[in-house]
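Shown next, in structure tokens, is the structure this report addresses.
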Amino acid sequence: MKLNCRSRDIYTSISNALSSTANKKDLQKLHSLLITFGLSKSLFLSGKLISKYSQFKDPNSSLLIFRENSLTNNAYLWNTIIRAMTHNELYAKALEFYAEMGKLQVKPDSYTFPSVINACGSLMDLGKGRVVHEHVKELGFDSDVYINNTLVDMYSRCSELGRAREVFDEMPSRDIVSWNSLISGYTSNGYFKEALEVYTQLRIGGLMPDSFSFSSVLLTCGGLGEVEEGQIVHGLVEKVGAYKDVIVSNGLLSMYFKFDMLNNCDRIFNEMVRKDSVTWNTIICGYCESGFYEESINLFLEMVDSFKPDILTITSVLRACTYVGNLKLGRYVHNYMISNGYKCDNIASNIIINMYAKCGDVLHSREVFESMGNHDLVSWNSLLNGYIENGLYQEAIDLLRRMKKSFQPDFVTYVALFSICTELANVNFTEELHCDIIKQGFGSTQILGNALVGAYAKCGKMEDSLKQFETMKVRDTVTWNSIIASCGNSKTSSLGLTMLSRMRKEGIMPDVPTFLSALPLCSYLIAKRQGKEMHGCILRLGFESNVPIGNALIEMYSNTGSLKNSILVFEQMKTRDLVSWTAIISAYGMFGEGRKALIAFQNMKAAGIFPDHIVFIAVIYACSHSGLVQEGKACFEQMKKDYNIVPRIEHYACVVDLLSRSGLLTEAEEFITSMPLKPDASIWGVLLSACRASGDMKIAERVSEHVLELDTNDPGYYVLASNVYASLGKWDRVRKIRTSLKAKGLKKEPGISWLEIRNKVYYFGAGDRFFEQRKEVVELLDDLSGLMAKEGYAADVRFVLHDVGEDEKVDMLCGHSERLAIAFGLLNTKPGTPLMVMKNLRVCGDCHTVTKYISKIMKREILVRDSNRFHLFRDGSCSCKDHW
DNA sequence: CTAGGGTTAG
């Protein structure tokens with residue numbers, strides 16, 4: 001630095017030097033020179049010093065100099081210190097000085113107000129802003145363009161667009177900044193239409209928009225999704241060459257990202273001569289938001305070579321890492337931040353918490369959370385979500401309790417908390433949540449209302465779910481979907497179908513999830529007609545190309561007895577996934593078409609679909625239902641050897657099923673004892689029911705012991721064992737099992753059969769005495785018994801588990817639910833019509849025989865679906881070839 | 001005095 005000492009006027013010399021200082025060191029030297037020459041009391045030079053120090057981000061030095069001169073009555077020095085504070089974002093401090101000025105009765109001038117008003121706007125302090133506005137009027141500065149422009153901006157920042165507009169309208173004269181302030185005010189508050197109108201007025205008035213105008217209006221067009229308008233603005237930008245200004249090109253980038261016109265973004269970006277950090281952030285963030293996370297990350301890596309990323313760039317790329325689950329890069333960027341001394345504000349910390357949580361690194365997520373100074377709502381919610389998404393429900397609940405001490409949970413918190421209800425199926429928690437939601441006034445929000453419907457159902461509180469559903473004033477598609485999905489079990493499936501037709505009557509459009517929930521309802525009910533109707537609906541709405549819908553249709557058709565339609569849907573699908581193949585393979589399996597199932601499995605592999613453990617279950621079951629023992633065993637071996645799938649308990653159950661259904665009981669028993677996993681009740685249960693069906697009571701008794709030893713909580717297995725002892729006449733054992741069932745509070749699932757006749761579903765329980773046409777049904781069954789006896793039938797009373805006389809046992813057999821249903825069907829349909837009956841448990845051996853006879857005597861095709869598969873009875877035999 | 005880029009759920 002050279003100071004011209006020969007100059008007579010040291011004052012001028014220092015003054016000039018001050019104006020051109022480019023760094024803080026020079027400034028400090030000048031400052032001491034100034035003191036040496038005794039010029040430190042000069043108002044003008046002190047003012048310059050204050051401004052300069054604030055430019056170099058040293059507000060403390062500015063303050064010191066000001067305090068040394070604070071006796072002045074002149075507004076000039078006050079203006080400088082207020083401006084210095086505002087520049088350094090110390091807005092509250094700036095306002096304190098303004099207040100002090102008032103107390104000391106220093107009269108503000110027109111230069112005082114812009115900074116003061118700016119401070120109010122930045123603090124979004126509307127109250128103070130209004131007071132200052134009054135001062136402006138009192139002092140007669142209300143026609144000053146400069147001041148009015150700041151007022152427009154201040155009111156905009158406080159979201160008081162009405163006041164902003166008023167000031168704008170009353171201005172005696174306006175410049176381009178006035179227009180820009182109003183446009184950007186509207187835009188940043190989301191009033192895009194108004195912003196565009198003001199821009200149009202500006203154009204009509206003949207004023208040329210400048211870079212600021214373009215920047216704002218481009219965002220406006222982006223916000224409005226007004227592609228044409230945006231392109232017109234773009235045209236003007238090109239015409240006047242405004243694209244050379246980096247803020248305008250940034251605006252263009254941002255707009256085209258909103259329009260999802262990525263090619264334009266690429267072109268603009270590549271043609272930009274000057275890029276700033278906003279340019280990079282816009283493009284990195286834009287790609288991220290359009291789902292091109294890899295591009296986003298690559299751009300970041302490209303940028304780092306030539307540009308130092310700022311905190312916003314870093315957070316943008318961290319979000320990309322979050323979306324793709326790239327923990328490695330996320331961690332790297334986080335460490336880079338730490339070692340390069342980036343300061344995290346709350347937003348940045350929250351993004352990091354979220355990144356770690358979404359990438360599954362809850363420990364680091366928590367660490368960042370705990371190291372933050374002030375948590376805000378988003379921080380709490382982010383960690384809470386992290387816990388929930390990673391299955392740490394207890395941690396989530398603990399965190400919630402901690403949070404409640406200092407923060408009121410908000411809407412987002414509650415939305416997140418619902419996954420806890422559904423995952424843990426915890427009624428108490430759900431009820432507590434429900435109370436809180438009502439207390440906080442979120443009770444009537446759509447999303448939370450919908451969530452409650454699902455949560456109660458998941459907790460097994462169907463009545464509460466329905467109550468919630470009925471009390472809701474507005475029911476959208478999601479509400480209906482929730483209630484229909486909640487009806488997705490055999491007990492409520494017909495209610496579910498009622499809900500679907502109610503939904504249609506109220507004119508609510510079903511969507512893909514609606515059908516994904518509703519189609520399985522048809523399966524439970526064998527509601528063939530409703531299933532077909534839904535299929536029609538799906539075609540009309542154009543959902544048929546949706547893969548999960550196709551899969552659900554295959555399942556629906558096979559479950560409602562139409563293998564043909566299942567195949568049709570499958571063949572018409574343009575894309576098929578593993579689930580589609582699994583569905584068609586199990587469809588073949590259910591209908592005893594084991595060979596076709598195996599062919600489908602071959603075709604699946606040929607189509608390049610890699611099998612998983614589930615499709616193997618379907619394949620082995622298909623073999624089992626068709627008696628393909630060797631093939632089934634081969635599949636089991638193939639699974640282990642060729643596909644490296646470690647068999648789970650379900651696979652062992654399949655093989656036991658395969659062997660025992662084909663009568664290879666000893667081999668099945670050996671298989672069980674040699675398996676590497678501990679056989680559970682399901683394994684023994686499979687063998688047990690096969691023993692009973694085949695009548696091998698020696699093994700059956702042995703197996704029963706195993707089942708009872710396991711002490712399970714599934715009543716089905718006790719019933720099986722009990723049946724074995726009953727067949728052996730060991731009634732004391734039967735009673736013992738019954739008492740232990742009672743002690744455990746377990747109840748045998750009652751046998752229920754049902755069928756649909758003319759759009760109505762009729763249910764029959766075992767031994768039911770109250771149902772329509774009971775007399776006729778009993779008579780018909782009696783008549784049939786007589787006819788069957790002539791054909792050589794004798795009741796197999798081994799299938800009765802009650803301690804009663806032989807005659808009564810025969811009666812009880814006749815009361816089996818499937819038989820009642822069949823008789824009812826025969827009575828209520830025209831001769832020759834095929835019947836379809838569904839049973840919740842496995843069909844009983846005696847009923848299986850009887851149905852064969854009935855199909856022959858009555859010349860009817862009878863399709864029975866039990867819990868395992870289909871039985872198509874025709875002319876005295878069954879499609880299952882007795883592999884049931 | 002006016003512009004532009006970053007946070008949680010569904």
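Predicted model, so just to flag it, every value in this text is computed and none were measured. Residue numbers begin at 1 in each chain, while the letters A, B, ... track the order of the sequences.
A/Asp345 comes within 4.0 angstrom of a nucleotide base, judged by non-hydrogen atoms across all strands. Counting any heavy atom pair closer than 4.0 Å across all strands shown, A/Ser254 reaches no nucleic acid atom. Nucleic acid contact class of A/Phe411 (heavy atoms, under 4.0 Å, all strands): base. Note on A/Ser215: only backbone sugar-phosphate atoms sit closer than 4.0 angstrom, heavy atoms only; bases stay farther off. When heavy atoms are screened at a 4.0 angstrom cut-off, A/Asn385 is found touching the sugar-phosphate backbone but no base atom. Using a 4.0 Å heavy-atom cutoff across all strands shown, A/Ala451 reaches no nucleic acid atom at all.
Residues A/Thr477 and A/Pro510 have side chains not in contact (no heavy-atom distance under 4.5 Å, counting atoms from C-beta outward). With contacts defined as side-chain heavy-atom distances shorter than 4.5 Å, the pair A/Cys285/A/Phe257 does not qualify. For the pair A/Arg319 and A/Thr315, the minimum side-chain heavy-atom distance is 4.5 Å or more. Looking at A/Tyr342 and A/Tyr336, their side chains come closer than 4.5 Å, going by heavy atoms from C-beta outward.
Listed by first and then second residue, the salt bridge (charged side-chain N to carboxylate O under 4.0 Å, His left out) pairs that reach into residues 185-195 of chain A come to none, sequence neighbours excluded. Sorted by first and then second residue, the ring-ring contact (aromatic ring centres under 6.0 Å, His included) pairs involving residues 158-205 of chain A (not counting sequence neighbours) are A/Phe168-A/Trp179. Residue pairs meeting the salt bridge (charged side-chain N to carboxylate O under 4.0 Å, His left out) criterion with at least one member in residues 274-284 of chain A, sequence neighbours excluded, do not occur.
Listed by residue number, A/Asp276, A/Ser277, A/Val278, A/Asn281, A/Thr282, A/Cys285 are the residues of residues 265-288 of chain A with a heavy-atom contact under 4.0 Å to DNA chain B. Of the residues in residues 149-175 of chain A, those lying under 4.0 Å from DNA chain B by heavy-atom distance are A/Asn149, A/Thr150, A/Asp153, A/Arg157. Of all the residues in residues 397-409 of chain A, not one reaches under 4.0 Å from DNA chain B with any non-hydrogen atom. Against DNA chain B, the stretch residues 185-210 of chain A makes no heavy-atom approach under 4.0 Å.
For the salt bridge (Lys or Arg N to Asp or Glu O under 4.0 Å) test, no residue two or more places apart in sequence or in another chain qualifies with A/Arg366. Residues passing the ring pair (Phe, Tyr, Trp, His ring centres under 6.0 Å) test with A/His375, sequence neighbours excluded: A/Phe369, A/Trp380. The ring pair (Phe, Tyr, Trp, His ring centres under 6.0 Å) check on A/Phe418 picks up nothing, with sequence neighbours excluded. For A/Phe214, there are no ring pair (Phe, Tyr, Trp, His ring centres under 6.0 Å) partners, not counting sequence neighbours.
Around CD of A/Glu89, the count of heavy atoms belonging to other residues, nucleotides or ligands within 6.0 Å does not exceed 12.
Extent of DNA chain B lying under 4.0 Å from chain A heavy atoms, first and last nucleotide in 5' to 3' order, is B/dC1 to B/dG10.
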Could you walk me through whether A/Asn180 and A/Asp210 pass the side-chain hydrogen bond (donor to acceptor under 3.5 Å, both in side chains) test, one step at a time?
CA-CA 9 Å; A/Asn180 293 346; A/Asp210 66 1; 3.0 Å; yes
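One finds no salt bridge joining A/Glu367 and A/Arg331 here, because no Lys/Arg side-chain nitrogen approaches an Asp/Glu carboxylate oxygen to under 4.0 Å. For A/Arg157 and A/Asp153, the salt-bridge test passes: some basic side-chain N is under 4.0 Å from an acidic carboxylate O.
At distances below 3.5 Å, at least one donor-acceptor pair connects side-chain atoms of A/Asp175 with backbone N or O atoms of A/Ser178.
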